[in-house]
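Before any comments, here is the structure.
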There are 2 protein chains.
Amino acid sequence: MYASSMEKEENNTVCPLKYALNLVGGKWKLPIICILAREESVRYNSLKRKLVGITNMMLSQSLKELEENGIVHREQYNEIPPRVEYSLTKEGRSILEPLESLSEWGKIHMDKLRTQSPYCGECREVK
Amino acid sequence: MYASSMEKEENNTVCPLKYALNLVGGKWKLPIICILAREESVRYNSLKRKLVGITNMMLSQSLKELEENGIVHREQYNEIPPRVEYSLTKEGRSILEPLESLSEWGKIHMDKLRTQSPYCGECREVK
DNA sequence: CGGAATCCCGTCAGATACTG
DNA sequence: CAGTATCTGACGGGATTCCG
């Protein structure tokens, strides 16, 4: 059994920045959040199809940790066949804005690096 | 030799958010950035003393990757004994704001979780 | 003083198989 | 359909040693 991301912290005097980054850490949590951000409510297998290459274990584990941390809501319908819908909580939606500002920074920074190499920056041709 | 964080990406169509998170990923980069954020310019050994528990390898490797990615500036003075000063670049300083908004989110979110348990939320006494 | 080279281990994440 | 259990490999990060 894997430990939840948060259980690794020994004391509760955690840097809030590290705390936030841990919530969305790991290979799949950001992709999951991105899908849920634009789809309102998604079934397990639908998520799995969109996340190309993910295994059942990584998907269910990531969703579980996101749920434990209040980012994702899990709604189970006792039907046959079983149906489970995942969605972002209000808390989960509120992290989108800080993440987008980081993404904006990344976009700008990537462009600035590209003007240094391998392009000459004047004519956009490769040096 | 360790690969730089960025070399792991196979294609250059990288999500700018992942890109930004990779720049500050790893165990020590955020602490380094935090120190440089409030100190303007810091010597290698001064950094090492503040980062309790870091090894020379992790410090020099982290600084090197931060420098390669344009976050940190390295100024070497050819004196005896040798002296090297590290500081945040302008680009490096510009990432502080997105990080702080994430940190703000983390602070609020941590508090909300705390009102759920182990405190009752009404009187702030332990259940 | 400011690193680099080498070795080593714990943890994360993937593969595979099985279940209510 | 929506997961869980177990095994395994790869990689990030630490300890130690050495260098200009």
Side-chain angles (χ1 to χ4, degrees), chain A residues 1-10 18 21-32 35-36 41-69 72-87, chain B residues 1-10 18 21-32 35-36 41-69 72-87:
Chain A
M1 175 64 179
Y2 288 90
S4 149
S5 313
M6 285 297 91
E7 288 175 9
K8 285 181 300 187
E9 300 293 345
E10 293 135 3
K18 281 191 184 173
L21 290 176
N22 271 338
L23 291 191
V24 299
K27 184 172 181 181
W28 297 103
K29 288 184 184 174
L30 273 181
I32 288 172
I35 292 175
L36 295 180
S41 180
V42 190
R43 293 184 65 159
Y44 182 90
N45 266 355
S46 175
L47 272 171
K48 193 182 174 185
R49 275 189 300 272
K50 294 169 200 291
L51 297 165
V52 181
I54 198 172
T55 62
N56 277 327
M57 209 188 92
M58 292 312 296
L59 178 53
S60 63
Q61 180 188 324
S62 303
L63 286 169
K64 192 175 187 179
E65 291 179 16
L66 287 170
E67 189 194 359
E68 286 169 1
N69 290 317
V72 159
H73 173 69
R74 180 195 138 110
E75 186 74 37
Q76 180 170 350
Y77 303 89
N78 289 318
E79 307 168 351
I80 296 183
R83 181 173 135 231
V84 182
E85 299 257 0
Y86 291 93
S87 56
Chain B
M1 174 59 179
Y2 287 89
S4 147
S5 312
M6 286 298 89
E7 287 175 9
K8 285 181 299 186
E9 301 293 345
E10 292 133 4
K18 280 189 186 174
L21 290 177
N22 271 337
L23 291 191
V24 299
K27 184 172 181 180
W28 297 104
K29 288 184 185 173
L30 272 180
I32 289 172
I35 292 176
L36 294 180
S41 179
V42 189
R43 295 183 64 158
Y44 181 91
N45 267 354
S46 175
L47 273 171
K48 192 180 173 189
R49 275 190 298 274
K50 293 170 200 294
L51 298 164
V52 182
I54 198 173
T55 62
N56 277 328
M57 207 188 93
M58 291 313 296
L59 179 53
S60 63
Q61 179 188 322
S62 303
L63 286 169
K64 191 176 188 178
E65 291 180 16
L66 287 170
E67 189 195 0
E68 287 169 2
N69 290 318
V72 158
H73 173 69
R74 181 194 137 110
E75 186 72 37
Q76 179 170 350
Y77 302 90
N78 289 317
E79 308 169 351
I80 297 185
R83 182 173 135 231
V84 183
E85 299 257 0
Y86 291 93
S87 55

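Every chain is numbered from 1, with letters handed out A, B, ... down the list of sequences. These numbers come from the heavy atoms of this one structure, side chains and all, not from hydrogens, waters or symmetry mates.
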Mind checking what makes side-chain hydrogen bond (donor to acceptor under 3.5 Å, both in side chains) contact with K50(B), not counting sequence neighbours?
-> E39(B)
Please report the distance, rounded to the nearest Å, between [atom1] in [X] and [atom2] in [N].
{"X": "L66(B)", "N": "dG3(C)", "atom1": "CG", "atom2": "P", "value": "13 Å"}
{"X": "E79(B)", "N": "dG3(C)", "atom1": "CD", "atom2": "P", "value": "14 Å"}
{"X": "K27(A)", "N": "dA10(D)", "atom1": "NZ", "atom2": "P", "value": "14 Å"}
{"X": "N22(B)", "N": "dG12(D)", "atom1": "CG", "atom2": "C1'", "value": "13 Å"}
{"X": "L59(A)", "N": "dA15(C)", "atom1": "CG", "atom2": "P", "value": "14 Å"}
{"X": "Q61(B)", "N": "dA15(D)", "atom1": "CD", "atom2": "C1'", "value": "14 Å"}
{"X": "E85(B)", "N": "dG2(C)", "atom1": "CD", "atom2": "C1'", "value": "13 Å"}
{"X": "L30(A)", "N": "dA13(C)", "atom1": "CG", "atom2": "P", "value": "12 Å"}

Give a yes/no on whether any side-chain N or O of [X] is located under 4.0 angstrom from OP1 or OP2 of [N].
{"X": "R43(B)", "N": "dG2(C)", "result": "yes"}
{"X": "Y44(A)", "N": "dT4(D)", "result": "no"}
{"X": "K48(B)", "N": "dG3(C)", "result": "no"}
{"X": "W28(B)", "N": "dG14(D)", "result": "yes"}

Students should find that the end-to-end axis angle of the helix from dC1(C)-dG20(D) to dG20(C)-dC1(D), with five pairs defining each axis and rounding to 10 degrees, is 50°
Taking the side chain of [X] as heavy atoms from C-beta outward, which of [options] is closest to it?
{"X": "M58(A)", "options": "dG14(C), dC1(C), dA2(D)", "result": "dG14(C)"}
{"X": "R74(B)", "options": "dA2(D), dG3(C), dG14(D)", "result": "dG3(C)"}
{"X": "R83(A)", "options": "dG3(C), dT6(C), dA2(D)", "result": "dA2(D)"}
{"X": "T55(A)", "options": "dG3(C), dG14(C), dG13(D)", "result": "dG14(C)"}
{"X": "K64(A)", "options": "dT4(D), dA13(C), dG20(D)", "result": "dT4(D)"}
{"X": "M57(B)", "options": "dG3(D), dA5(C), dC1(C)", "result": "dA5(C)"}

Sugar-phosphate, base or nothing in reach of [X], heavy atoms under 4.0 Å:
{"X": "N56(B)", "answer": "base"}
{"X": "S60(B)", "answer": "sugar-phosphate"}
{"X": "Y77(A)", "answer": "nothing"}
{"X": "G26(A)", "answer": "sugar-phosphate"}

Using 0.5 Å steps for rounding, measure from the [atom1] atom of [X] to the [atom2] atom of [Y].
{"X": "S60(B)", "Y": "E65(B)", "atom1": "OG", "atom2": "CD", "value": "10.0 Å"}
{"X": "K48(B)", "Y": "N56(B)", "atom1": "NZ", "atom2": "CG", "value": "3.5 Å"}
{"X": "L30(A)", "Y": "I35(A)", "atom1": "CG", "atom2": "CD1", "value": "11.5 Å"}

Are any of the side-chain heavy atoms of [X] and [Y] separated by less than 4.5 Å?
{"X": "M57(A)", "Y": "T55(A)", "answer": "yes"}
{"X": "Q61(B)", "Y": "K64(B)", "answer": "no"}
{"X": "L63(A)", "Y": "L47(A)", "answer": "yes"}

Tell me which of P82(A) and I54(A) sits closer to the 5' end of DNA chain C, going by the nucleotide each one is nearest to.
-> I54(A)
Side-chain polar contacts of residues 79-86 of chain B - donor-acceptor pairs under 3.5 angstrom, sequence neighbours left out - could you list them?
| unit_1 | atom_1 | unit_2 | atom_2 | d |
| --- | --- | --- | --- | --- |
| E79(B) | OE1 | R83(B) | NH1 | 3.4 |
| E79(B) | OE2 | R83(B) | NH1 | 2.9 |
| R83(B) | NE | E85(B) | OE2 | 3.4 |
| E85(B) | OE1 | S41(B) | OG | 2.7 |
| Y86(B) | OH | R74(B) | NH1 | 3.3 |

